> 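Quick one: structure below, then a few questions.
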Amino acid sequence: MAGRIGNSWALVKASAGVLNQDRELLVFPLMSGVAAVLVTASFFAPLAVTGGWEIFAEDGDAGMLGYVFGFLFYLAQYTVIFFFNTALVGAAMIRLDGGDPTVKDGFSIAWQRIGSILEYALLAATVGMVLRFFAERSGPLGRFVVGLIGMAWNLATFLAVPVLVTRDLGAIDTVKESASLFKRTWGEQVVGNFSMGWIFFLAFLGWALAGGAAIAVTASIMPPLAIPIVGGWILGFILLALVSSALKGVYAAALFRYATDGDSRFYDERIMANAFRPK
């Protein structure tokens, strides 16, 4: 466990060092989050206003309508997410190559790949809906199998966005290239100590507990001061989410660069080599 903590923390610090040189990269996850909220509102607000929820609550043909609605929602969300992730990774690639990226550079890269992004979003939405379809019609064992398939898909597409940035490929070829890089470079099993997710889980948990305690104490002593503390508490969660997303994008770019060129610039090569290792 100590080795896992040390390795993960080293990855966070190395990625943070890259991000610290280009703090404007935080703009991409911020805009991605805003766009995702707007997409969600555009899909579900009309249902709430018109009472359209009743259609999805009925039996029969409404089930198919629900899947069509879900597919379109997935497609819109994935397009937004992949677009901003492509911009983020593209800008990070420029930094890893020794350049000095701007927000404009990231968006320029994403727009150049918009056709590939739409195609990949279509594929991802299709896979997502197929897995959901079988999960909803399966028992516990079937849902477990579907979960394993979903995990395999996530592993196969782990480097898909960097591939989108650097290769002019279709969706299927993007997945194949991502899976090939993963298998060839790091073997069959992803070791949990590569992931920065658990560190941010602890950060979120710590912030939630500390902020909750501060709010509770302030509300009992000086209630008016609790309002700005709540605001700061919420902003803290938003900042943690932005940093987490940006660091993951930077790390994905670095992993791809290491996989294709053996370039571990900004990173300890031993850490990169141990991020994924064979069984």
Side-chain angles (χ1 to χ4, degrees), residues 25-47 56 64-93 103 106-136 146-182 190 195 197 241-242 244-253 255-256:
L25 296 182
L26 293 171
V27 169
F28 299 120
L30 175 61
M31 296 186 69
S32 179
V34 172
V37 170
L38 292 176
V39 168
T40 300
S42 69
F43 272 81
F44 291 97
L47 294 180
F56 297 100
M64 182 56 67
L65 181 60
Y67 281 112
V68 172
F69 179 86
F71 174 79
L72 294 176
F73 176 69
Y74 275 16
L75 178 60
Q77 285 284 36
Y78 281 140
T79 299
V80 166
I81 292 171
F82 294 146
F83 177 83
F84 287 103
N85 281 353
T86 299
L88 169 62
V89 171
M93 287 282 193
V103 172
F107 281 124
S108 177
I109 292 171
W111 279 117
Q112 290 172 13
R113 293 286 186 262
I114 189 64
S116 298
I117 291 171
L118 289 171
E119 185 178 346
Y120 182 59
L122 179 62
L123 176 61
T126 301
V127 171
M129 288 306 301
V130 170
L131 293 178
R132 175 182 170 184
F133 177 86
F134 284 107
E136 291 180 350
V146 170
L148 291 179
I149 295 173
M151 183 182 300
W153 169 260
N154 289 334
L155 295 178
T157 58
F158 186 77
L159 296 175
V161 171
V163 172
L164 283 175
V165 171
T166 59
R167 309 276 199 269
D168 187 14
L169 300 175
I172 299 296
D173 289 333
T174 294
V175 174
K176 288 181 179 179
E177 179 69 10
S178 176
S180 176
L181 287 171
F182 169 76
V190 178
S195 176
L242 293 178
S244 174
S245 296
L247 286 183
K248 289 176 181 177
V250 171
Y251 183 53
L255 284 177
F256 177 83

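For clarity, every value in this text was computed on a predicted model and none was experimentally measured.
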> Measure the spacing between CG of Leu164 and CD1 of Ile114 and express it to the nearest 0.5 Å.
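Answer rounded to 0.5 Å: 10.5 Å.
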
> Measuring from atom CG of Leu72 to atom CE of Met129, what distance do you get when rounded to the nearest 0.5 angstrom?
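Going from the CG atom of Leu72 to the CE atom of Met129 covers 9.5 Å.
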
> Name the orientation class of the two ring planes belonging to Phe73 and Phe69 (parallel below 30°, tilted from 30 to 60°, perpendicular beyond 60°).
parallel

> At their closest point, which heavy atom of Ala246 faces which heavy atom of Leu26, and how far apart are they?
CB-CD2, 3.7 Å

> Can you find a heavy atom in the side chain of Phe71 that is under 4.5 Å from one in the side chain of Leu122?
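Heavy-atom side-chain distance check passes, below 4.5 Å.
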
> How long is the gap from CD1 on Ile117 to OG1 on Thr174, to the nearest 0.5 Å?
10.5 Å

> Begin with the C-alpha distance, continue with both residues' side-chain angles, and end with the deciding distance and a verdict on side-chain contact (heavy atoms from CB on, under 4.5 Å) for Leu118 and Phe83.
CA-CA 9 Å; Leu118 289 171; Phe83 177 83; over 6 Å; no

> Between Leu131 and Gly150, which heavy-atom pair has the shortest distance, and what is it?
CD1-CA, 3.9 Å

> Distance-only, no hydrogens or angles: does the Thr86 side chain make a donor-acceptor pair with backbone N or O of Phe82 under 3.5 Å?
yes

> Can you tell me how far apart OG (Ser180) and CG (Asp173) are? Round to the nearest 0.5 Å.
11.5 Å

> Identify the two heavy atoms, one from Ala35 and one from Val80, that lie closest to each other, and give their separation to 0.1 Å.
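Reported closest heavy-atom pair: CB-CG1, 3.4 Å.
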
> Do you see a donor-acceptor pair shorter than 3.5 Å between the side chains of Gln77 and Thr40?
yes

> Quick check: closest heavy atoms across Val163 and Leu181, and the distance to 0.1 Å?
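Val163 and Leu181 have their closest heavy atoms at CG2-CD1, 4.2 Å.
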
> Once side-chain hydrogen bond (donor to acceptor under 3.5 Å, both in side chains) is applied, do any residues pair with Thr126, and if so which ones, sequence neighbours excluded?
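Once residues adjacent in sequence are excluded, Thr126 has no partner under the side-chain hydrogen bond (donor to acceptor under 3.5 Å, both in side chains) criterion.
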
> State, yes or no, whether a side-chain contact exists between Phe256 and Val165 at a heavy-atom distance under 4.5 Å.
no

> Kindly give the heavy-atom pair with the smallest separation between Ala253 and Met93, and that separation in Å.
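Answer, listing the atom of Ala253 first, then Met93: O-CE, 3.9 Å.
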
> Any non-hydrogen side-chain atom of Phe158 less than 4.5 Å from a side-chain atom of Asn154?
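No. Closest side-chain heavy atoms not under 4.5 Å.
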
> Is any side-chain heavy atom of Phe107 less than 4.5 Å from a side-chain heavy atom of Met31?
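Side-chain contact under 4.5 Å: yes.
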
> Just wondering, do Tyr120 and Thr79 contact through their side chains at under 4.5 Å, heavy atoms?
no

> Quick one: does Ser178's side chain have a donor or acceptor within less than 3.5 Å of a partner on Ala156's backbone?
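Judged by distance alone, yes, a pair lies under 3.5 Å.
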
> Centroid separation under 6.0 Å, is that true for the rings of Phe28 and Phe84?
no

> According to salt bridge (charged side-chain N to carboxylate O under 4.0 Å, His left out), does anything in residues 157-169 pair up with another residue at least two apart or in another chain? List the pairs.
Arg167-Glu177

> Find out whether Trp153 and Ile149 are in side-chain contact, i.e. whether some heavy atom of one side chain is under 4.5 Å from a heavy atom of the other.
no

> Could you state the interatomic distance from CG (Leu88) to CD1 (Ile109), rounded to the nearest 0.5 Å?
10.5 Å

> Would you check if the side chain of Ser116 reaches a backbone N or O of Gly170 as a donor-acceptor pair within less than 3.5 Å?
no

> Could you state the interatomic distance from CG (Leu30) to CG (Leu25), rounded to the nearest 0.5 Å?
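Atom-to-atom, Leu30:CG and Leu25:CG are 12.5 Å apart.
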
